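Remarks on the structure that follows.
Not measured: the values here are computed from a predicted model. Whatever order the structure lists ligands and atoms in, that order sets their numbers, starting from 1.
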Amino acid sequence: MVGHNGAWNASPENLNHAQVVMDAVSASGTLYREGLGMIASENIVSPMVQKIVTSDLHGRYAEGLPFKRYYQGCGGFDTIEELGLELAKKVFNVPFANIQSTSGTVSNIAALKALSKPGDSITAVSTADGGHISHARMGAVGLRDLNLSTYPWDEDRMEPDIDASAALIREVAPKVALFGQSVFLFPTPLQELADAAHEVGSTVMYDGAHVLGLIAGGCFQDPLHEGADVMTGSSHKTFPGPQGGFILSSSEDDKFQRRLNNAVFPGTCSSYHLHHVAGKVVALAEFQEYGVELSKNTVANAQAFAAALASEGFDVLAESRGYTASHQVLTRHGDLDSGAGAKAADLLEQAGIITNMNMLPGDTKAMTPSGLRLGVQELTRVGMGTDEMLDVARFYARVLIENEDPSSVKSDVRDFKSDYQIIRYCFNEDESNGYPL
Ligand SMILES: Cc1ncc(COP(=O)(O)O)c(C=O)c1O
């Protein structure tokens, strides 16, 4: 037998590297287990999905589509992917799904590859107004060498200005009219804008990365039934699956569907992370059972949290529209471009509350913004409801308004969080080990 097994003959330096990683993994796990994970793009996965993403599938390949593979050994995975396609079409009520893409960004790269050619034009929300980097020249839009025009933005309503954006679409006649954002409080007025886009021959693409679970749960909007031709998204934000992506379409056209499939494999992925695809399939099955309730509770929690923060004295955006219709809440902590958001995020982390600073309307610098973007989807997943949102808002006030020492708040956060260690809205909730390593 050749090869080595065990640590006795390994160099201390390499063993130390491995130990450094194990310790950091463990510290990160502890931070989230004991703290409040409130980054709007994150979530935790069910115990069954946790098991699948560490399964043997992790090391396997299955290029192609179910029962049309380039490799042997894919029989089990054919069953998994075929079932996943069926469930995804059912959950999103659409005739086409691709569940292979490895992230929301990869879904966007693939969709733009399928829908456009270099030199074409595209309209999208600017990153300053909450669009994702993949909607910008620095990301997938630039990778495809598309000419970008951004929608005029209605700062009060936190959505594209409908008339001005429709006029822009009619003027530019983009190949792709892209909608959806990373800062996403309210549904896009899609029907009106999709009409304008279709009038000039554009394909309408909606990036539902953040709000995919809310869409599937019937709690936000239904883009593929409001005029979008293609919807991309992540499988791990409000959709409670492992990291990965989806591409969905309302089109029944075989040729169009084939273009989307080919843009993922072989267009963008070779291995498409079979363990994560299998995890997505279980997450879809769990979603069919519990997703509507999870989505409803997520939005109710975001609304309760926003109102609680406002009554603690925080400047919460979009008061006139009821603060939010998604999982996100936006708060302003000082002057534009002052870095007040960065400072607030740092103090909150010292108190065991994990958030991210975010540009708000009027901010111009991504590293010194005035705001925070907060998400309640992970707290909802571990069983918190609207009453607990009042407790969470209180922690924020103690740190950021009453200037209490964050380390003393941190121990109260830890005590509070110890009651929320079981992952809910999944099959084996009762025997859940809760947060993983
Ligand atoms: C609107 C939007 N699209 C795409 C992405 C990228 O998703 P992923 O991190 O899965 O690549 C994000 C990430 O947060 C996003 O906000």
Side-chain angles (χ1 to χ4, degrees), residues 37-45 49 53 98-113 115 122-144 146 148 150-151 153 158-160 176-188 190 204-215 220-221 223 228 230-248 263-264 268-269 272-273 276-277 279-280 283 324 326-330 354-359 366 369 371-375 377-378:
M38 299 191 70
I39 290 180
S41 57
E42 297 186 349
N43 216 323
I44 43 174
V45 292
V49 174
V53 297
N98 181 298
I99 60 171
Q100 297 177 345
S101 106
T102 51
S103 77
T105 299
V106 170
S107 302
N108 285 345
I109 292 171
L112 292 179
K113 185 174 191 313
L115 303 178
I122 185 168
T123 50
V125 176
S126 76
T127 50
D129 291 326
H132 187 244
I133 44 178
S134 60
H135 307 175
R137 286 287 307 176
M138 69 181 111
V141 160
L143 191 67
R144 195 63 176 145
L146 302 176
L148 172 68
T150 56
Y151 302 118
W153 192 249
M158 297 292 286
E159 65 184 24
V176 178
L178 170 59
F179 299 99
Q181 302 110 240
S182 299
V183 176
F184 214 167
L185 296 180
F186 302 105
T188 302
L190 196 58
V204 177
M205 172 173 159
Y206 180 102
D207 181 344
H210 262 269
V211 287
L212 207 65
L214 309 182
I215 288 169
F220 194 64
Q221 67 182 140
V230 173
M231 176 163 74
T232 54
S234 308
S235 47
H236 51 269
K237 298 180 177 19
T238 53
F239 188 85
Q243 293 235 356
F246 284 105
I247 300 182
L248 303 144
V264 180
T268 347
C269 299
Y272 46 84
H273 305 182
H276 282 222
V277 172
K280 272 183 240 181
T324 183
S326 73
H327 60 305
Q328 295 185 6
V329 173
L330 294 180
I354 316 303
T355 65
N356 64 270
M357 62 180 176
N358 218 94
M359 287 169 75
L372 292 178
R373 183 190 66 173
L374 310 166
Q377 68 293 337
E378 182 168 335

| field | Spacing of Glu159 atom CD and Phe184 atom CZ [to the nearest 0.5 Å] | value |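 Glu159 CD to Phe184 CZ: 10.0 Å, rounded to 0.5 Å.
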| Counterpart residues, side chain to side chain contact (heavy atoms under 4.5 Å, CB included), relative to Ala40 (two or more places apart) | His210, His327, Gln328, Arg373
| field | Asp207-His132 side chain donor-acceptor pair, cut-off 3.5 Å | value | no
| query | So, Ser107 and Ser101: side-chain donor and acceptor under 3.5 Å apart, yes or no? | reply | yes
| Taking the side chain as C-beta and beyond, is there a heavy-atom pair between Lys237 and Leu212 under 4.5 Å? |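 Contact flag for Lys237/Leu212 side chains = no.
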| said: Does Leu190 form a side chain to side chain contact (heavy atoms under 4.5 Å, CB included) with Phe179? I'd like the steps, not just the answer. | reply: CA-CA 8 Å; Leu190 196 58; Phe179 299 99; 3.6 Å; yes
N/O contact list for ligand 1, threshold under 3.5 Å:
{"from": "ligand 1", "atom 1": "3 (N)", "to": "Asp207", "atom 2": "OD1", "distance (Å)": "3.3"}
{"from": "ligand 1", "atom 1": "3 (N)", "to": "Asp207", "atom 2": "OD2", "distance (Å)": "2.6"}
{"from": "ligand 1", "atom 1": "7 (O)", "to": "Ser234", "atom 2": "OG", "distance (Å)": "3.2"}
{"from": "ligand 1", "atom 1": "7 (O)", "to": "Lys237", "atom 2": "NZ", "distance (Å)": "3.4"}
{"from": "ligand 1", "atom 1": "9 (O)", "to": "Lys237", "atom 2": "NZ", "distance (Å)": "3.4"}
{"from": "ligand 1", "atom 1": "10 (O)", "to": "Gly104", "atom 2": "N", "distance (Å)": "2.7"}
{"from": "ligand 1", "atom 1": "10 (O)", "to": "Ser234", "atom 2": "OG", "distance (Å)": "2.9"}
{"from": "ligand 1", "atom 1": "10 (O)", "to": "His236", "atom 2": "NE2", "distance (Å)": "3.3"}
{"from": "ligand 1", "atom 1": "11 (O)", "to": "Ser103", "atom 2": "OG", "distance (Å)": "3.2"}
{"from": "ligand 1", "atom 1": "11 (O)", "to": "Gly104", "atom 2": "N", "distance (Å)": "3.4"}
{"from": "ligand 1", "atom 1": "11 (O)", "to": "Thr105", "atom 2": "N", "distance (Å)": "2.9"}
{"from": "ligand 1", "atom 1": "11 (O)", "to": "Thr105", "atom 2": "OG1", "distance (Å)": "2.8"}
{"from": "ligand 1", "atom 1": "14 (O)", "to": "Lys237", "atom 2": "NZ", "distance (Å)": "3.2"}
{"from": "ligand 1", "atom 1": "16 (O)", "to": "Ser182", "atom 2": "OG", "distance (Å)": "2.6"}
{"from": "ligand 1", "atom 1": "16 (O)", "to": "His210", "atom 2": "NE2", "distance (Å)": "3.4"}

